[in-house]
Enquirer: 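Have a look at this one.
Whatever order the structure lists ligands and atoms in, that order sets their numbers, starting from 1. None of these values were measured; they are calculated from a predicted model.
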Amino acid sequence: MRGMAKSVTAFTCTACGAAHKKWAGRCDACNAWNTIVEEGPLSQGPGRGLGAAKGRAVPLSGLTTSEPPPPRCLSGMEEFDRVLGGGLVPGSALLVGGDPGIGKSTLLLQAAAAFSRRDLQAIYFSGEEASAQVRMRAQRLGLADAPMRLGAETNLRDILTTLDAERPDVAVIDSIQTLWSDTVEAAPGSVAQVRAAAHELVTFAKRRGVAVILVGHVTKEGQIAGPRVVEHMVDTVLYFEGERGHQFRILRSVKNRFGPSGEIGVFEMTGAGLSEVANPSALFLSERGQPIAGSAVFAGIEGTRPVLTEVQALVAPSTLASPRRTVVGLDSGRVSTILAVLEARCGIPFAGLDVFLNVAGGMKVAEPAADLAIAGALLSAREDSPLPPDAVLFGEISLSGALRPVAQAENRLKEAQKLGFSQAILPDASKVEGPDKNGSGMALRRITDLTAFVGEVFGAG
Ligand code: TYD
Ligand code: MG
């Protein structure tokens with residue numbers, strides 16, 4: 001008989017979230033193996049067609065509203081607030097990912113303390129360390145007087161009960177992989193547990209207006225261990241990155257429903273915790289010494305702020321049949337393209353040469369605007385001829401070898417001038433006021449294509 005509730009079992013891919021009618025070894029939506037799990041019975045409503053059962057009419061609204069946007073909670077750690085898009089939105093859910101040992105616990109302990117010092121209720125749950133350990137760390141970081149509270153717990157039900165009773169403004173859960181829900185029969189850290197715990201916490205955040213910050217460890221492939229669906233569930237995903245052996249750390253928003261993504265905050269790991277770096281360009285260029293072949297300064301934009309970085313290249317004769325292309329901190333696909341354009345359009349081959357490229361200090365640069373600085377570093381290394389030490393470069397290179405203008409030229413130039421650079425090599429079509437000089441007073445060397453760049457900077461080529 002129609003109308004009787006029927007129960008069906010559903011399967012979901014934990015990597016991409018695709019729904020499947022039956023189990024399979026491989027998800028045909030994202031091609032991942034062994035990611036399909038049973039969701040348990042989903043009860044199907046009565047009837048089949050949409051008209052069979054009457055739903056509730058959803059109240060609709062227009063686009064204009066007289067309600068002011070929700071106030072943001074500021075930590076006062078400017079680098080942290082900036083990455084959030086101007087502070088934490090009440091009732092939002094965040095995921096902070098990063099490699100083990102990079103400093104996530106330190107950052108969020110400092111952030112929780114900072115919120116609590118501004119009269120916001122903050123609770124930090126640690127599933128990895130005992131409260132005494134966290135207290136000791138807080139003391140070392142000079143946070144002992146902050147009115148935040150700690151809990152050492154991994155049981156999701158107990159954490160939710162505590163949060164419901166306390167209703168803090170901010171709750172940090174360190175980490176999502178240690179949580180354990182008694183409604184799911186799987187080990188802590190397993191995909192099913194992480195997913196269930198994240199879902200419960202995100203739902204709680206929305207319903208009770210508590211901002212929940214989840215900490216997650218990242219796998220070698222750069223994914224938050226466990227399901228990528230956690231990234232879809234939360235409002236904001238931040239990554240905390242840095243290189244071993246380097247002091248500084250970058251907090252980057254890769255997704256943000258309440259602000260621009262790609263925004264970065266820069267910190268330095270010191271003996272007394274993370275300190276904010278107000279001028280990252282100066283830090284990234286601090287290792288530059290004498291003018292050296294293979295070094296090019298790129299005037300980049302990270303999120304909404306200009307950041308200068310140094311692209312370093314080393315080119316050496318290779319003994320290998322297929323020479324090395326070692327690229328760190330840059331998109332290796334773009335580097336291959338630039339090498340091909342240099343060969344095909346400018347007649348400058350790199351065959352038989354090993355190429356090593358990186359960004360100084362361990363910074364990661366993904367902008368196509370870095371093309372010209374990459375080409376400059378490569379050519380400078382190959383010709384063993386330094387670029388002008390007072391010059392910054394930016395511009396996108398097309399497959400034809402033409403230079404394309406990039407966004408925010410003026411901001412890039414202002415930052416370069418602030419750091420003492422006096423000339424810029426940039427695409428001819430860049431939108432900058434004035435023919436040769438702009439408001440910043442920098443000399444502009446406008447270039448139409450890569451061949452012209454080789455001629456202008458390295459002589460006839
Ligand atoms: P931690 O925050 O525990 O990393 P995560 O939570 O991402 O695993 O940071 C661990 C590292 O940070 C550890 O190697 C020691 C270093 N550290 C400092 O250098 N200074 C400090 O003040 C603190 C607290 C940690
Ligand atoms: Mg930790």
Enquirer: Heavy atoms of the protein only: does one fall short of 4.0 Å from atom 18 (C) of ligand 1?
Expert: yes
Enquirer: Out of Ser275, Gly142, Ser105, Ser175, whose heavy atom is nearest to atom 6 (O) of ligand 1?
Expert: Ser105
Enquirer: Below 4.0 Å, non-hydrogen atoms only: which portion of Pro100 touches ligand 1? Side chain, backbone, both or neither.
Expert: backbone
Enquirer: Note the single closest protein heavy atom to atom 25 (C) of ligand 1, along with its residue, its atom name and the distance in Å.
Expert: Thr106 OG1, 4.0 Å
Enquirer: With atoms numbered from 1 as shown, which atoms in ligand 1 lie under 4.0 angstrom from a non-hydrogen atom of Leu141?
Expert: 22 (O), 24 (C)
Enquirer: Using a 4.0 Å heavy-atom threshold (strictly under), name the region of Met269 that reaches ligand 1: side chain, backbone, both or neither.
Expert: side chain
Enquirer: Starting at CD1 of Ile301, measure out to CZ of Phe394 and round the result to the nearest 0.5 Å.
Expert: 8.5 Å
Enquirer: Can you find an N or O of His217 that's nearer than 3.5 Å to an N or O of ligand 1?
Expert: no
Enquirer: Against heavy atoms of Asp99, which atoms of ligand 1 measure under 4.0 Å?
Expert: 7 (O)
Enquirer: Within 45 degrees of the ring normal and closer than 6.0 Å to the centroid, is that where the cationic atom of Arg252 sits relative to Phe240?
Expert: no
Enquirer: Starting from atom 4 (O) of ligand 1, find the nearest protein heavy-atom neighbour and note its residue, name and distance.
Expert: Gly103 N, 3.1 Å
Enquirer: Enumerate the protein N/O/S atoms at a distance below 2.8 Å from the Mg ion (ligand 2), ignoring waters.
Expert: Ser105 OG
Enquirer: Counting only heavy atoms not in Leu399, do more than 12 sit closer than 6.0 Å to its CG atom?
Expert: no
Enquirer: Using distance alone, decide if ligand 1 has a nitrogen or oxygen within less than 3.5 Å of any nitrogen or oxygen in Asp174.
Expert: no
Enquirer: Does any donor atom in the side chain of Glu310 or Ser295 lie under 3.5 Å from an acceptor atom in the other side chain?
Expert: yes
Enquirer: State, without any angle test, whether Arg137 and Thr106 hold a side-chain donor-acceptor pair at a distance under 3.5 Å.
Expert: yes
Enquirer: Side chains of Gln247 and Thr270: is there a donor and an acceptor less than 3.5 Å apart?
Expert: no
Enquirer: Around atom 22 (O) of ligand 1, find the nearest protein heavy atom and jot down its residue, atom name and distance.
Expert: Gly273 N, 2.8 Å
Enquirer: Could you establish whether Leu107 and ligand 1 come within less than 4.0 Å of each other, counting only heavy atoms on the residue side?
Expert: no
Enquirer: Taking all non-hydrogen atoms of both residues into account, name the closest pair between Gly127 and Thr178 and its distance.
Expert: CA-OG1, 3.7 Å
Enquirer: Ignoring hydrogens and geometry beyond distance, is a side-chain donor-acceptor pair present between Ser175 and Glu128 at under 3.5 Å?
Expert: yes
Enquirer: For Asp81 and Cys73, work out which heavy atoms get closest and say how close.
Expert: OD1-O, 4.4 Å
Enquirer: Can you tell me if Ser261 and Asn256 form a side-chain donor-acceptor pair at under 3.5 Å?
Expert: no
Enquirer: To the nearest 0.5 Å, tell me how far Glu415 CD sits from Asn279 CG.
Expert: 6.0 Å
Enquirer: Looking only at protein heavy atoms, identify the closest one to atom 20 (N) of ligand 1 and say how far it is in Å.
Expert: Thr270 O, 2.8 Å
Enquirer: Cut-off 3.5 Å, side chains only: do Asp354 and Ser318 have a donor facing an acceptor?
Expert: yes
Enquirer: State if Gly98 counts as touching ligand 1 under the rule of any non-hydrogen atom under 4.0 Å.
Expert: no
Enquirer: Considering Ser126, Gly101, Ala272 one by one, which has a heavy atom nearer to atom 10 (C) of ligand 1 than any of the others?
Expert: Gly101
Enquirer: Give me the nearest non-hydrogen protein atom to atom 3 (O) of ligand 1 as residue plus atom name, then the distance to 0.1 Å.
Expert: Arg137 NH2, 3.1 Å
Enquirer: What part of Val215 sits under 4.0 Å from ligand 1 if we count only heavy atoms: the side chain, the backbone, both or neither?
Expert: neither
Enquirer: Determine the sole option in Asn155, Leu163, Thr162 for which the side chain to side chain contact (heavy atoms under 4.5 Å, CB included) test with Ile159 is passed.
Expert: Leu163
Enquirer: Step by step, work out the salt bridge (Lys or Arg N to Asp or Glu O under 4.0 Å) result for Glu166 and Arg149.
Expert: CA-CA 11 Å; Glu166 300 285 339; Arg149 283 170 304 159; 3.0 Å; yes
Enquirer: Is there a protein heavy atom at a distance of less than 4.0 Å from atom 13 (C) of ligand 1?
Expert: no
Enquirer: Other residues, nucleotides and ligands only: do more than 12 of their heavy atoms fall within 6.0 Å of CG on Asp182?
Expert: yes
